[in-house]
Amino acid sequence: MPCSAITLSLATICAVVSVALVSIAFGTDNWQYINVNRTNVEAKLQNAPSINPSDFQEKGLYFTRTKGLFRICFPKTRPAKEDLYLSPVETYCKNIDYHIFDEDDTTSSFKEDEMTRLHMARSMIALFIVSFFFVFVAFWTGVAGCWRRSPGNIASTAILMLLACLFSAGGMGLWHGCEYFEEEKLRVAPYKMSWDPLLQDSTSVSYDWSYFIAWIGVGWALISALLFSGASVCLRTEREREEAKNMAYLMPVYPQKQQYPTYGYGYPGPYHYGSQYGPYNY
Ligand SMILES: *[C@@H]1O[C@H](CO)[C@@H](O)[C@H](O)[C@H]1NC(C)=O
């Protein structure tokens with residue numbers, strides 16, 4: 001089997017795995033697992049005057065939750081007063097507000113830091129969407145490249161997959177930026193630095209599976225880009241070998257081409273139709 005066929009198949013598999021993983025991560029709500037030890041908070045509630053006892057039953061902050069790019073979900077008990085709905089995977093969730101249209105103009109009261117976080121969060125979503133767009137275009141250049149066995153098209157596919165990888169990695173970077181702002185920098189509600197120390201001590205945040213498969217998807221996109229560029233090199237080499245073979249077949253007929261009219265030289269001729277690679281188009 002020619003090397004281009006093998007690398008092309010592997011590159012395609014990697015690209016499919018990558019886009020599947022990144023889109024599952026994009027759509028699921030398990031980027032962070034935010035565990036609240038409610039037993040501990042409840043036991044020490046009297047010693048924490050800044051916590052309103054009714055908030056403890058009503059506000060999402062006091063409940064164990066998972067956080068995705070678009071939703072916060074409550075897999076265990078759920079807060080009484082939050083406006084929740086059942087997500088496609090049957091957990092109670094609320095949406096994260098990106099203030100896209102900002103009808104009630106909440107963002108005008110935001111401080112500079114909050115605005116920075118919001119811009120980062122919006123750009124993160126935008127980077128992921130652009131990365132999906134690159135994969136979509138890569139799909140079509142890939143199909144064209146396999147169909148016509150064109151090294152040029154396969155090279156474009158490699159570049160597009162590399163761009164998809166870089167943009168989704170950029171999205172991951174911004175996600176970490178938002179995480180840093182939410183947990184270490186912002187001192188306003190509802191972010192961590194504004195909580196009562198009791199709640200801060202009873203809450204532990206850890207990465208969850210959506211986050212991990214997002215990074216794995218980014219990695220597969222890189223591997224796929226490398227394999228596509230390898231496949232492009234293979235295709236080019238195979239084509240050159242094929243052309244050399246055709247040439248070798250032509251050469252003995254005209255051993256000293258200077259003595260003959262040159263119009264026949266290099267003409268693709270009937271030999272070309274015997275080629276398994278079909279007509280070459282760039
Ligand atoms: C939660 O807090 C209680 C009381 O402080 C403690 O006994 C328990 O071990 C904690 N649970 C977890 C899972 O940390």
Side-chain angles (χ1 to χ4, degrees), residues 20-98 111 113-114 116-118 120-121 124-125 128 169 171-219:
L21 291 179
V22 178
S23 28
I24 291 172
F26 190 70
T28 51
D29 307 313
N30 293 70
W31 287 64
Q32 281 180 324
Y33 189 82
I34 303 164
N35 189 34
V36 182
N37 186 341
R38 284 177 60 80
T39 328
N40 194 35
V41 178
E42 194 162 28
K44 299 177 184 160
L45 209 52
Q46 288 85 345
N47 314 336
S50 76
I51 298 181
N52 182 346
S54 66
D55 282 357
F56 178 69
Q57 298 301 338
E58 292 168 0
K59 289 225 169 137
L61 284 183
Y62 297 91
F63 289 81
T64 294
R65 56 200 182 271
T66 64
K67 196 174 169 206
L69 299 185
F70 302 102
R71 281 190 283 260
I72 292 175
C73 297
F74 300 91
K76 294 181 175 169
T77 48
R78 54 181 197 268
K81 280 280 168 64
E82 301 261 9
D83 199 9
L84 304 179
Y85 66 92
L86 258 182
S87 80
V89 288
E90 303 283 299
T91 45
Y92 280 91
C93 301
K94 63 174 181 178
N95 286 333
I96 294 174
D97 195 355
Y98 286 94
K111 294 201 189 67
D113 276 356
E114 278 179 288
T116 311
R117 189 210 73 92
L118 183 62
M120 281 201 296
M124 161 191 70
I125 303 294
F128 279 117
M172 294 304 288
L174 282 180
W175 184 84
H176 278 286
C178 291
E179 183 204 13
Y180 168 74
F181 265 65
E182 286 167 9
E183 280 164 32
E184 317 268 341
K185 207 157 155 58
L186 293 173
R187 287 171 194 284
V188 292
Y191 301 108
K192 192 171 183 178
M193 289 290 131
S194 71
W195 301 347
D196 188 276
L198 171 60
L199 180 59
Q200 285 189 23
D201 294 343
S202 314
T203 303
S204 64
V205 183
S206 54
Y207 299 122
D208 208 352
W209 59 266
S210 303
Y211 164 81
F212 293 115
I213 66 169
W215 267 125
I216 296 170
V218 172

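Scope of the values below: all heavy atoms of this structure, side chains included, with no hydrogens, waters or symmetry mates. Atoms within each ligand, like the ligands themselves, are counted from 1 in listed order. Model, not experiment: these values are computed from the prediction.
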- Query: Under 4.5 Å between any side-chain heavy atoms of Tyr33 and Thr64, yes or no?
  - Reply: yes
Using a 3.5 Å cut-off and no angle test, enumerate the donor-acceptor pairs between side-chain atoms of residues 53-61 and protein atoms at least two apart in sequence or in another chain.
| unit_1 | atom_1 | unit_2 | atom_2 | d |
| --- | --- | --- | --- | --- |
| Ser54 | OG | Asn52 | OD1 | 3.1 |
| Gln57 | OE1 | Arg38 | NH2 | 3.4 |
| Glu58 | OE2 | Lys81 | NZ | 3.4 |

- Evaluate salt bridge (charged side-chain N to carboxylate O under 4.0 Å, His left out) for Lys67 paired with Glu182, printing each intermediate quantity in order. CA-CA 12 Å; Lys67 196 174 169 206; Glu182 286 167 9; 2.6 Å; yes
- Task: Would you kindly say whether Glu179 and Tyr207 are connected by a side-chain donor-acceptor distance under 3.5 Å?
- Result: yes
- Return yes when at least one protein heavy atom is under 4.0 Å from atom 2 (O) of ligand 1, and no when none is. yes
- For atom 7 (O) of ligand 1, is some protein heavy-atom partner under 4.0 Å away? no
- Query: Judging by distance only, is a nitrogen or oxygen of Asn37 under 3.5 angstrom from one on ligand 1?
  - Reply: yes
- So is Asn40 polar-close to ligand 1, meaning N/O to N/O under 3.5 Å? yes
